[in-house]
Amino acid sequence: MADVMIRVPAEVRDQLAAVAEARGTSLRALMQEIAAQTLTAEQVKERADRTRAVLAERFGHHVTDEESAEMRRKMREASAACRAALAEAEPSR
């Protein structure tokens, strides 16, 4: 396994360390988990294409571009609401 050094501000390092500690894992394991869950634009497109194919083949539903755009909008809104709720719940430093 190769080691990599990533320079981040101290606040980011401290936040990552706090998350790792809260999860009962190491910083290395946390970074591996984040990397495994983070998709490239190409990977996102491939998953979307596979999902469209499954919906069409198994359920006979052909997702339109408009439906895709609406779902992306709803997901952005939900994600923003979740981030806002987390920020609101975070104790002041």
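None of these values were measured; they are calculated from a predicted model.
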**Student:** Kindly indicate, with the supporting measurements, whether the criterion side chain to side chain donor-acceptor pair (under 3.5 Å) is fulfilled by Thr51 and Arg47.
**Tutor:** CA-CA 6 Å; Thr51 300; Arg47 284 190 179 186; over 6 Å; no

**Student:** For the atom pair NE2 (His62) and CD (Glu57), what is the distance rounded to the nearest 0.5 Å?
**Tutor:** 9.5 Å

**Student:** In terms of side-chain geometry, is the basic nitrogen of Glu42 or Lys45 positioned less than 4.0 Å from the acidic oxygen of its partner?
**Tutor:** no

**Student:** Roughly how far, to the nearest 0.5 Å, is the CZ atom of Arg76 from the CZ atom of Arg73?
**Tutor:** 8.5 Å

**Student:** What distance separates Leu27 CG from Gln32 CD, expressed to the nearest 0.5 Å?
**Tutor:** 10.5 Å

**Student:** Counting C-beta onward and ignoring hydrogens, is there a side-chain heavy-atom pair between Arg13 and Ile6 closer than 4.5 Å?
**Tutor:** no

**Student:** Does Val19 belong to the same Ile/Leu/Val/Met/Phe/Trp/Tyr cluster as Met31, with side-chain heavy atoms less than 4.5 Å apart forming each link?
**Tutor:** yes

**Student:** Step through the shown structure and confirm whether more than 12 heavy atoms of other residues, nucleotides or ligands are within 6.0 Å of CD on Glu33.
**Tutor:** yes

**Student:** Kindly work out whether a path of hydrophobic side-chain contacts (I/L/V/M/F/W/Y, heavy atoms less than 4.5 Å apart) joins Met5 to Ile34.
**Tutor:** no

**Student:** Between Asp65 and Arg52 (salt bridge meaning N to carboxylate O under 4.0 Å), is one present in this structure?
**Tutor:** yes

**Student:** Compare every heavy atom of Arg23 with every heavy atom of Leu30, then report the nearest pair and how far apart it is.
**Tutor:** CD1-NH1, 3.4 Å

